[in-house]
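Before any comments, here is the structure.
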Amino acid sequence: MGEIYSFKAFQSRKEKEKKVQDPRTTVAIYRSVVYYVHLYCDETYEHPLEHLTTNIELATVFKKDRAKFLEAFAALIQHWELPPNSHLELTRYREFTQFPTLGDLCIYIEKKVKDL
């Protein structure tokens, strides 16, 4: 005869699988943020690859140049194929307050990727 199957148990298991994020995604996000920050930061910044940790202040890396930060931010949005209106969530003229460190930018991108 046929097996009795609980669809609700299957559905809840699938929900749990969706919520678990691949740890490689976190690493990929960090690497992409470091890449684009390095790409758009001021070229006179000393040894940028040695100092780009999650605790580094973005205002220091970009020397408070909003335009360069916004270019890097736009490149990250495009790289991760996030909604194009993501820049509207930035507080105008307070980007370095909203994202004080590289880690804060990573967390923002990770949340947006997770919401996709």
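Only a predicted model underlies this, so the values are computations on that prediction, with no experimental measurement involved.
Residues S32 and W80 approach most closely at OG-NE1, 2.8 Å, considering heavy atoms. Nearest heavy-atom pair across C41 and V61 is CB-CG1, 3.4 Å.
For the atom pair I77 CD1 and E81 CD, the distance stands at 11.5 Å (nearest 0.5 Å). Note that CZ of R31 is 13.5 Å distant from CZ of R24, once rounded to the nearest 0.5 Å. Separating the CG atom in D104 from the OG1 atom in T97 is a distance of 11.0 Å, to the nearest 0.5 Å. Taking CD1 of I109 as the reference point, atom CG of L76 lies at 5.0 Å (rounded to 0.5 Å). To the nearest 0.5 Å, the span separating CG on D65 from CG on L58 amounts to 12.5 Å. Between atom CZ of residue F62 and atom CG of residue L70 there is a gap of 9.0 Å, rounded to the nearest 0.5 Å.
Side-chain N or O atoms of D115 include none that pairs as donor or acceptor with a backbone N or O of K112 at under 3.5 Å.
Between the side chains of E110 and T26, at least one donor-acceptor pair of N or O atoms lies under 3.5 Å.
Counting heavy atoms of neighbouring residues, nucleotides and ligands inside a 6.0 Å radius, atom CD of Q98 exceeds 12 of them.
In the hydrophobic clustering of this structure, I107 does not group with V113; members are Ile, Leu, Val, Met, Phe, Trp, Tyr whose side-chain heavy atoms approach within less than 4.5 Å, directly or through other members.
Between Y108 and F73, the angle of the ring planes lies from 30° to 60°, which puts this pair in the tilted group.
When each of F96, Y93, Y40 is checked for a ring pair (Phe, Tyr, Trp, His ring centres under 6.0 Å) with F69, only F96 meets the rule.
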